[in-house]
Undergrad: 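Okay, here's the structure, questions in a sec.
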There are 2 protein chains.
Amino acid sequence: MLTDQRHQLIRDRLAAEGRVLAGELASRFGVSEDTVRRDLRELAKAGECRRVYGGAIASAPFAAATIGQRGGHAVEEKARLARAAVALISAGQSLFIDGGTTNEAVARAIPLDLDLTIATNSLGVASALSDHPLVELIVLGGRFVRDLGTCVGADTLAAVAQLGADLFFLGSCGLDASRGVTAFDSAEAEVKRAMARNSAGVVIAVTNDKLATAAPYRVAAAGRISHLVVEKTAPAAVLADFERQGAKIHFA
Amino acid sequence: MLTDQRHQLIRDRLAAEGRVLAGELASRFGVSEDTVRRDLRELAKAGECRRVYGGAIASAPFAAATIGQRGGHAVEEKARLARAAVALISAGQSLFIDGGTTNEAVARAIPLDLDLTIATNSLGVASALSDHPLVELIVLGGRFVRDLGTCVGADTLAAVAQLGADLFFLGSCGLDASRGVTAFDSAEAEVKRAMARNSAGVVIAVTNDKLATAAPYRVAAAGRISHLVVEKTAPAAVLADFERQGAKIHFA
DNA sequence: GCATGTTTTGCACGTTTGTGCAAGAAGCAT
DNA sequence: ATGCTTCTTGCACAAACGTGCAAAACATGC
């Protein structure tokens, strides 16, 4: 990867999110953090960003415009979860990625130098992956549900049925050790079930607010979860229940 | 291999990808890296690219040309075309919308209070429509082609085959009265053909630079075009040819 | 036909640039 | 204050670079 190219991508990201993290960029570009830090130093010298501990933020005039817009603190938490989740992926694997903001964060966190085959029914995930040159992207079409940002229905199920994956990144609505993974919508749950059925492993990354909650429609038993990525502050008691049922716990 | 020939190929690649790698070109052309470097130095001297460590990137004036084409100054013209094209839509209709920046502009121009059923294989179109509350949106999945921003392949064709539409907004690569509508890619052309087959009317909105040009793969005969939306400055002679074959001309 | 000059290309050389690693300093958090 | 992460600096190594040179391909002139 060319140095200037990296600089441009950093600029893009600064424009999109207002701030960047050194570690995140490093894993994304497949280079060492030192290199990213050097890049950031150069951009800062050119006045394109301001260097801060941990990364850099877009310089003043621009920052005002975007940072307010996406001010959520959950954004950072989800990005952290996403980085931990991405660590479970190996080159050459094929993945299902479900919808939801956490999974969109996962898609954004996938390094550019990883060759993967990824099938998704989420528009947001597909968009996030559309600039990954090494990712073979398969869009699972169907009836688009606005509230979810994903496609569901018979067409989606048929498309999923034709595929298999090593890992399935399941966007969870509710997660409870006894009731398992649950969703708010029947058709959505059906698609998730199909993806789970055709995947070797199931990965779920959740923020604490989803833990120990349940929604009406059942997607999978807790025992089906291979990897559970949670915040450091997740309640240990809840995690122990999942762990007992075979899930490997990863802290972001 | 001739020197000028090599130069042209490098130019093409710069135009297509925005950057080139010295080593990559060397192995591709079967010459030494030194030769490629000499080529790049010459092109850089002529202002056609900027030399960077590892290769070269398209220089500013050129980058402006392509970026502008994809979203700079032509944007206003495309928005104007899009507004004129949208006027052809009636409430309650079902549409196919193809990929391309012009069609994305069409999608954005669709009023929020129109209830429609729209099927698209373009991520950009789908995203643009994802906030239209009254639009029933169907995503036509398949293998995603980065350069086109659309899905193609057997899955896409199968999805199209199940649907019918009143109007098909065809994103055209080349448009010529005798050769008809043409596309750059075989799989892309196939999807367009399927959409045209299942639609009552075909609408094409084009900027002047696409008129009277042709690409390798044939999509449909000129006689298949129901509505042609063009700029006010489009050459009358060309339009007359289409009109004779049954297309209704609309000026943006 | 042969010699000469020009252009192009590949190779060898030393130099520059970018990158990763290690060690120590500095910043942040608990 | 302690322990962690992140930062800077120096260093080493590999990749890419430019230059000079020689061989080959081609054209040109005698």
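Letters A, B, ... mirror the listed sequences (proteins, then strands); counts begin at 1.
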Undergrad: Has B:Thr3 got a side-chain N or O lying under 4.0 Å from the OP1 or OP2 atom of C:dT9?
TA: yes
Undergrad: Could you state the CZ-P distance from B:Arg51 to C:dT16, rounded to the nearest angstrom?
TA: 17 Å
Undergrad: If you assign each of A:Gly54 and B:Ala22 to its closest nucleotide in DNA chain D, which residue comes earlier from the 5' end?
TA: A:Gly54
Undergrad: Closest approach to the side chain of B:Asp34, judged atom by atom: which nucleotide of C:dT19, D:dT9, C:dA12 is it?
TA: C:dA12
Undergrad: Rounding to an integer number of Å, can you tell me how far B:Leu25 CG sits from C:dG10 P?
TA: 14 Å
Undergrad: One pair to check against salt bridge (Lys or Arg N to Asp or Glu O under 4.0 Å): A:Glu104 and A:Lys78. What are the steps and the verdict?
TA: CA-CA 9 Å; A:Glu104 288 180 23; A:Lys78 291 196 176 184; over 6 Å; no
Undergrad: Measure CD/B:Gln5 against P/C:dT9 and give the value in whole Å, please.
TA: 11 Å
Undergrad: CG of B:Asp39 versus P of C:dT8: gap in Å, rounded?
TA: 10 Å
Undergrad: Please state whether the phosphate of C:dT19, meaning OP1 or OP2, lies under 4.0 angstrom from any side-chain nitrogen or oxygen of A:Arg38.
TA: no
Undergrad: Would you sort out whether B:Thr35 and B:Ser32 count as a side chain to side chain donor-acceptor pair (under 3.5 Å), showing the intermediate values?
TA: CA-CA 5 Å; B:Thr35 305; B:Ser32 76; 3.2 Å; yes
Undergrad: Report the distance from atom CZ of A:Phe29 to atom C1' of C:dT19, rounded to the nearest whole Å.
TA: 15 Å
Undergrad: Side chains of A:Asn208 and A:Thr233 only: does a donor on one sit below 3.5 Å from an acceptor on the other?
TA: yes
Undergrad: Looking across every strand, which nucleic acid part, if any, lies under 4.0 Å from A:Val52 by heavy atom: base, sugar-phosphate, or nothing?
TA: sugar-phosphate
Undergrad: Has A:Arg37 got a side-chain N or O lying under 4.0 Å from the OP1 or OP2 atom of C:dT19?
TA: no
Undergrad: In whole angstrom, what separates A:Arg19's CZ from D:dT6's C1'?
TA: 16 Å
Undergrad: Is the phosphate of C:dG20 approached by A:Thr35 (side-chain N or O, under 4.0 Å from OP1 or OP2)?
TA: yes
Undergrad: Whole Å only: how far is the CG atom of A:Asp4 from the P atom of D:dA16?
TA: 15 Å
Undergrad: Without decimals, in angstroms, what is the distance between B:Glu33 CD and C:dT16 P?
TA: 20 Å
Undergrad: If every non-hydrogen atom of B:Lys192 is compared with every non-hydrogen atom of B:Gly171, which pair is closest and at what distance?
TA: NZ-O, 2.6 Å
Undergrad: Any donor-acceptor pair under 3.5 Å linking the side-chain atoms of A:Asp241 with those of A:Gln245?
TA: no
Undergrad: Do B:Tyr53 and D:dA15 have a side chain to base donor-acceptor pair shorter than 3.5 Å?
TA: yes
